[in-house]
Amino acid sequence: MRMSRLFSQTLRDVPGEAGLPSHQLLLKAGLVRPLSAGSYSYLPLARRALTKIEDIIREEMDAIGGQEITMPVVHPASLWQETGRWYQVGPEMARFKDRAERDMVLGMTHEEVIADLVRQEVRSYRQLPCLLYQIQTKYRDEPRARGGLIRVREFTMKDSYSLDADWEGLDAQYRAHYQAYFNIFQRCHLPVISVRSDVGMMGGQMAHEYMYLNPIGEDTLVLCDGCGYAANRQVAAARLPAAEAAPPLPSEPVATPDTPTIEALAELLQVPTACTAKAVFFMAMIAGGEGETDRERFVFAVVRGDSELNETKLANAIGARDLRPAREEEIRTVGAEPGYASPVGLQGDDLLLVVDELIPQSPNLVAGANKPGYHLRNTNYGRDYTASHVADLVLARDGDACAQCGGRLRTSRGVEVGNIFKLGTRYTEALGAVFLDSEGSSKPVIMGSYGIGSGRLLSCVIEEHHDEGGIRFPISVAPYHVSCVALLQRAPEVAAAAEKLYREAWSQGVEMLLDDRDATPGVKFNDADLIGLPLRLTLGARSLRQGGAELKPRDSEESRIVPLDEVVATLRAEVDRLLAASRTRVTTVPYVA
RNA sequence: CGGGGCGUAGCGUAGCCUGGUAGCGCGUCGGCUUUGGGAGCCGAAGGCCCCCGGUUCAAAUCCGGGCGCCCCGACCA
């Protein structure tokens, strides 16, 4: 491509809306342009980079047996009604009616369509295992788009779906993805870690997320340097100090004026916060079964005073699809007193009492008395009250002890660039996607689903690889291999030489972006740095006098003069060297369940 | 959906408080000069000052409503 013809224009000033470096550079270097909040047009440079990324993804998917397909973006609502997600998923799914007034959805993921394909195509265990994937547009009506391409409404995703006859097969395909994803990110020069994650609306048994560690990330991760434990904070486990065993003492009320917080209470009574019970209240939407309507229930959750509640864990423990903080009047209707609430003596049919697993092991806790200004000493789980659910509800915090090894946990922020889910039979059972096994009995196909957002991956690569001057594209992702800065002025022979090199380069597979514009050297050098191709070739009167063209890598200050008749061979060798080095980045990563 | 900020030429912005001629820089177009790190001079084009309504002799400016964008939070396969 000749820059005089390139549709993208670089900007001198960055639009004020851009905050993150990657967002600024995507705009400034002319890779993307916004259409509205969270939707972008990808201009030629971005399109080429995305194609490189997608081709890497294709290679790795094909290498584990994937077959590429394309499924529709618009789905009939009936399919989503069959699996129930029509009712479970909130407004992030875009819905509309077609001309016949039929409900339709814009696909935000494709489990339903895959399961529908499976029920049409798969008859026998002989057709399994199978792996299908597509690279295609997804639409999610995000409540808040942000960060340029980090979080958008419309995006391109590689989504793959594994189909198996048995759980061992699912495990094998899951593990294959686990490594293939590392290969993909490594080949894109993006450092990532895998963490255990919540299954969220996907359902299923197990999930990992691939995280690019960076403060711009929207997820908080909990990491242990001691044993390598890594989890999204939504599911992370921590080991809190066990309570000392003690015989249960008789419970007694105690006057505790002005102590609506655990800290004030512990201070007044001179007890550690670990000897208190903390109550938190929610209204939970519990999804109804088929034909049933959803039911809103009051949730009274209890954690030890020295811990914080993890809402994701709570929602999972009770099977809630939505949690919101309860209002004061709702708290009072179950007989509880905000600030002095007690799990002892609650009433109400729709009440769910949920306690953290440390509560039954912690004797003689101070809890509220459901009376303003009073608490109860020596409440004991089992004697004074029992819960409908006992589960780990604790939010892991920086500095807590690792549940696996006791080491010190630390937290870090990360951007989720990929995820893998063991789905099981949730969708195939709902849609009747069954096969006949070797004994002739009918069984639902076992599924996994696996996603990578290519646009988010591109912006993370730029976030990771840039400097004050602009982007520093890794060779594997770069839209072109080399920028040729042709300083045409005062040297007619430069134009001719540049044109000849340009043709030869492309004939040898060297992707050259030729800056043939009528612009000053400063403009051309700055744009070359901004766009950030891995190699820069400068051709001007000065370099010709020195015997050829100047070759300089984007990430180095070292340059050298290459004779004109060796330039293309040198570029070809240099590109091959960089590509080879890029491939050696791929290493096997131990699977951590 | 809560909190905050911002909408003025393609981009960056001044003017708004205290109502009265829309201004600057960059970019764009033409001309001459210049040419290895965002050149100089001369000339030109380009504005529903986000929209609707109100106050006023007069609104970019004040008031009300709406929309859009950004940031923080809630949310997020």
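Quick caveat: nothing in here was measured; it's all calculated off a predicted structure. The chains referred to below are lettered A, B, ... by the order of the sequence lines, with proteins before strands, and numbering in each begins at 1. The basis for the numbers below is simple: all heavy atoms, side chains too, and nothing from hydrogens, waters or symmetry mates.
Among the protein residues, A:Val14 comes within range of the sugar-phosphate backbone only, with heavy atoms under 4.0 Å from sugar or phosphate atoms but none that close to a base. Nucleic acid contact for A:Gly147: sugar-phosphate only, since backbone atoms but no base atoms lie under 4.0 Å from a heavy atom of the residue. Counting any heavy atom pair closer than 4.0 Å across all strands shown, A:Pro143 reaches a base atom. Across all strands, A:Glu311 comes closer than 4.0 Å only to sugar-phosphate atoms, never to a base (heavy-atom distances). Within the 4.0 angstrom heavy-atom criterion, no nucleotide atom of any strand lies near A:Asp159. Within 4.0 Å (heavy atoms only), A:Tyr450 reaches no atom of the nucleic acid at all. Heavy atoms of A:Arg146 sit under 4.0 angstrom from at least one base atom. Within the nucleic acid shown, A:Gly90 has no heavy atom closer than 4.0 Å to any nucleic acid atom. Residue-level contact check: A:Glu550 touches the bases, meaning some heavy atom is under 4.0 Å from a base atom.
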query = Does the pair A:Glu218 and A:Arg144 meet the rule for a salt bridge (charged side-chain N to carboxylate O under 4.0 Å, His left out), with working shown?
reply = CA-CA 12 Å; A:Glu218 301 182 77; A:Arg144 185 181 156 204; over 6 Å; no
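Distance noted for atom C1' between B:G15 and B:G20: 14 Å (whole Å). B:U34 sits 36 Å from B:U13 when the P atoms are compared, rounded to a whole Å. Rounded to whole Å, the P atom of B:G31 lies 22 Å from the corresponding atom of B:G25. Rounded to whole Å, the separation between the C1' atoms of B:C63 and B:A74 comes to 32 Å. Here the separation of B:C70 from B:G30, taken at their C1' atoms, is 38 Å to the nearest Å. Across B:C71 and B:G12, the matching P atoms stand 14 Å from one another, rounded to whole Å. For B:G68 and B:A58, the P atoms lie 32 Å apart once the distance is rounded to whole Å. Atom name P, nucleotides B:A9 and B:U18: the rounded distance is 25 Å, in whole Å.
Classified by interplanar angle (parallel below 30°, tilted 30° to 60°, perpendicular above 60°), the ring pair A:Tyr210/A:Tyr181 is tilted.
With rounding to whole Å, A:Leu539 atom CG is found 18 Å from B:U35 atom P. Taking atom CD of residue A:Glu557 and atom C1' of nucleotide B:G36, one finds them 14 Å apart after rounding to whole Å. We find that CG of A:Leu487 is positioned 13 Å from P of B:G38, with the value rounded to whole Å. Across the protein-nucleic acid pair, A:Arg536 atom CZ and B:G36 atom P stand 14 Å apart, rounded to whole Å. If you measure from atom CG of A:Asp322 to atom P of B:A74, you get 15 Å, rounded to the nearest angstrom. Distance CG (A:Asp527) to P (B:G36): 17 Å, rounded to an integer number of Å. The nearest whole Å value for the distance from the CG atom in A:Leu530 to the P atom in B:G27 is 15 Å. Between the CG atom of A:Asp13 and the P atom of B:U28 there is a distance of 13 Å, rounded to whole Å.
No side-chain heavy atom of A:Tyr139 sits less than 4.5 Å from a side-chain heavy atom of A:Thr137.
The base of B:G12 does not come close enough to the side chain of A:Arg12 for any donor and acceptor atom to sit less than 3.5 Å apart.
Contact check, A:Arg144 against B:C70: no side-chain N or O comes under 4.0 Å of OP1 or OP2. For A:Thr538, no side-chain nitrogen or oxygen approaches OP1 or OP2 of B:G36 to under 4.0 Å.
Checked by atom type, the side-chain pair A:Asp527/A:Thr10 shows a donor-acceptor distance below 3.5 Å. Between the side chains of A:Thr220 and A:Arg413, a donor-acceptor pair is found at a separation under 3.5 Å.
Both A:Glu17 and A:Lys138 lie close to RNA chain B; mapped to their nearest nucleotides by heavy-atom distance, the more 5′-ward contact belongs to A:Glu17. In this structure, A:Gly19 and A:Glu218 both approach RNA chain B, and ranking their closest nucleotides by distance from the 5' end singles out A:Gly19.
Figure legend: A:Arg95 and A:Trp86 shown as a cation-pi pair, the cationic atom lying under 6.0 angstrom from the six-membered ring centre and within 45 degrees of its axis.
Note that the NE2 atom of A:His177 and the OG atom of A:Ser449 stand 9.0 Å from one another [nearest 0.5 Å]. For the atom pair A:Glu429 CD and A:Met447 CE, the distance stands at 12.5 Å (nearest 0.5 Å). For the atom pair CG (A:Asp164) and NZ (A:Lys422), the distance works out to 10.5 Å, reported to the nearest 0.5 Å.
Not less than 6.0 angstrom separates the ring centroid of A:Tyr450 from the ring centroid of A:Tyr161. For A:Tyr178 and A:Tyr174, the gap between ring centers reaches or exceeds 6.0 Å.
Taken residue by residue, residues 24-37 of chain A places heavy atoms nearer than 4.0 Å to RNA chain B at A:Lys28, A:Ser36, A:Ala37.
For RNA chain B, runs of at least 3 consecutive pairs of the Watson-Crick or G-U wobble type, with both hydrogen-bonding distances under 3.5 angstrom, map to B:1-7 with B:67-73, B:10-13 with B:23-26, B:28-33 with B:39-44, B:50-54 with B:62-66.
Atom CG of A:Asp565 has more than 12 neighbouring heavy atoms from other residues, nucleotides or ligands inside a 6.0 Å radius.
The listed nucleotides are B:G38, B:G12, B:G36; the one nearest the side chain of A:Val523 is B:G38.
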